[in-house]
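Have a look at this one.
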Amino acid sequence: MSIATYIKEIGRGKEGARSLTSEQAHDLMSQVLDGRVSDLELGAFALAMRIKGESIDELSGFLNAVRERSLTFSVAAPVVILPSYNGARKLPNLTALLALLLAQNDIPVLVHGPAKDPSRVTTASVFHDLGLPTALDAADMSHAWARREPVFIATENLCPPLSRLLDVRWVIGLRNSGHTVAKLLDPASGGQSFRIVNHTHPEYGEVLTGFLQREQANAMLLRGTEGEPVADPRRLPRLDVLLQGQLRPELSVAAQEGVLTELPVLPRNIDAATTAVYIQSVISGEKPAPGPLARQAECITAAWQVLTGGSARARSA
């Protein structure tokens, strides 16, 4: 079946476009992921959604289609999920630092994202230079958590069809709905996760809040750093914590206001090797962690402890 009917609805421009139902979005994304659309249809879909923006129903349908084609795993208690799909362009990519700070608190962490990006410094490359494990399957994840290490899995291993959709960016020059869905993807079965969800535009934060509430998700929502799920090391953004889809003000953190009186000492170069050396110096205690990242790690830890009742770390079932 052609997706032309769907494109006709979503492709009428920002003002005239209509949103799809969750069922329609699921069917559309299923056809895209299964390669049942032409290259022309795929490009039209990507551009139309880029202009229109996803509704909550569309996000739900798209994500369900991706989940059906993704690797999943079972755990005894929540795993913190860090989707890393942007990488560093101006500031060091400190997603691996956040992962290690959480692992120091005995929290299992899974990072997923692209293995390579010719235009950015990826978390995958920083993990590699830190000597941290990369998983190919659920067994690899379990082994890493048993060693109390955060683990990275490339999208091409987590969900090959989604990885192919993300690669459309290199043809048309723009990100697409696949990138939005990737940042919401939760591979843990049974809702046994705590997702760190970031946005770059405040209005999109409202859509994501509505989506996480509908999903009854356990999550932290924040404005990320260059699209990464970490607090800006220079100034703490607002950290909203939701448990079972309910905003928890007592666990959330307000944004840092006022004039900055002190800036963290960050590496001048942002390449993976330099970033890895810096992260290792923080983890070893040689250098202090940037205040906003340390506060984010504390916030996630507090929420995780509420979810687990203060129980021991999660292990794979």
Side-chain angles (χ1 to χ4, degrees), residues 80-105 107 109 111 113 117 119-127 130 150 175 179-180 182-184 194-209 212 219-242 247 249 251-272 274-283 287-303:
V80 171
I81 308 292
L82 290 172
S84 177
Y85 284 85
N86 282 53
R89 185 175 56 181
K90 297 179 180 178
L91 292 171
N93 181 350
L94 299 182
T95 298
L97 174 56
L98 177 60
L100 283 165
L101 291 173
L102 294 171
Q104 284 187 327
N105 292 333
I107 297 175
V109 180
V111 184
D117 185 329
S119 63
R120 303 285 183 102
V121 179
T122 65
T123 298
S125 62
V126 178
F127 258 64
L130 282 166
R175 295 176 183 269
H179 291 85
T180 305
K183 291 185 177 184
L184 294 169
F194 186 80
R195 282 177 274 181
I196 312 304
V197 180
N198 83 93
H199 60 86
T200 53
H201 303 290
E203 62 273 15
Y204 207 68
E206 297 177 7
V207 174
L208 292 175
T209 298
L212 294 170
M220 169 184 283
L221 182 65
L222 75 155
R223 183 163 188 167
T225 303
E226 295 189 315
E228 285 293 303
V230 294
D232 189 316
R234 302 163 301 181
R235 182 189 293 272
L236 181 70
R238 174 179 164 185
L239 307 175
D240 284 331
V241 172
L242 296 94
L247 182 64
L251 294 172
S252 302
V253 177
Q256 182 179 356
E257 304 291 349
V259 178
L260 292 177
T261 58
E262 185 177 358
L263 289 173
V265 178
L266 299 172
R268 293 182 179 180
N269 297 319
I270 66 167
D271 61 278
T274 301
T275 301
V277 170
Y278 167 75
I279 290 174
Q280 188 57 55
S281 70
V282 172
I283 295 302
K287 294 180 180 178
L293 264 78
R295 188 69 185 92
Q296 184 184 9
E298 292 171 358
C299 183
I300 294 170
T301 299

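All values below were derived from every heavy atom in this structure, side-chain atoms included, with hydrogens, water molecules and symmetry-related copies excluded.
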Looking only at heavy atoms, what is the nearest atom pair of Pro233 and Pro264, with distance?
O-CG, 3.1 Å

Quick one: does Leu130's side chain get under 4.5 Å of Leu100's, heavy atoms only?
yes

Counting neighbours of CZ on Arg238 that are heavy atoms of other residues, nucleotides or ligands and sit closer than 6.0 Å, is the number greater than 12?
no

Show the numbers, then the answer: is there a side chain to side chain contact (heavy atoms under 4.5 Å, CB included) between Asn269 and Thr275?
CA-CA 8 Å; Asn269 297 319; Thr275 301; over 6 Å; no

Which heavy atom of Leu91 sits nearest a heavy atom of Arg234, and at what distance?
CD1-NH2, 3.6 Å

Taken to the nearest 0.5 Å, the spacing of Glu298 CD from Leu102 CG works out to 11.0 Å

Does Val121 offer a backbone N or O that forms a donor-acceptor pair with the side chain of Asn93 under 3.5 Å?
yes

Using a 3.5 Å distance criterion without hydrogens, assess whether the side chain of Lys183 forms a donor-acceptor pair with backbone atoms of Pro229.
no

Shortest non-hydrogen contact from Tyr278 to Val265?
CE1-O, 3.6 Å

Which heavy-atom pair separates Cys299 from Leu251 by the least distance, and what is that distance?
SG-O, 3.1 Å

Note, Val126 side chain near Thr95 side chain (heavy atom, < 4.5 Å)
no

Among Leu101, Asp232, Ile196, which residue satisfies the side-chain contact (heavy atoms from CB on, under 4.5 Å) criterion with Gln296?
Ile196

Atom CG in Leu221, atom OG in Ser252: separation rounded to 0.5 Å?
9.5 Å

Which is it for Leu98 and Ile300 under the side chain to side chain contact (heavy atoms under 4.5 Å, CB included) test, yes or no, and what are the steps along the way?
CA-CA 10 Å; Leu98 177 60; Ile300 294 170; 4.3 Å; yes

How long is the gap from NE2 on His201 to CG on Leu208, to the nearest 0.5 Å?
11.5 Å

Output yes when a side-chain donor or acceptor of Thr200 lies under 3.5 Å from a complementary backbone atom of Gly227, and no otherwise.
no

Closest non-hydrogen atom pair between Phe194 and Leu242, with its separation:
CE1-O, 4.2 Å

Between Thr274 (side chain) and Ile270 (backbone), is there a donor-acceptor pair under 3.5 Å?
no

Heavy-atom donor-acceptor pair, Thr122 side chain to Ser125 backbone, under 3.5 Å
yes

From CZ (Arg223) to NE2 (His199), nearest 0.5 Å:
7.0 Å

Hey, are the side chains of Tyr204 and Thr180 touching, using non-hydrogen atoms and a 4.5 Å cut-off?
yes

For the CZ atom of Arg120 and the CD atom of Glu226, what is their distance to the nearest 0.5 Å?
6.0 Å

Atom of Asn86, atom of Asp117 and distance for their closest heavy-atom approach:
O-OD2, 4.2 Å

To the nearest 0.5 Å, what is the distance between NZ (Lys287) and CD1 (Ile279)?
11.5 Å

Are side-chain heavy atoms of Leu82 and Pro150 found at a separation under 4.5 Å?
no

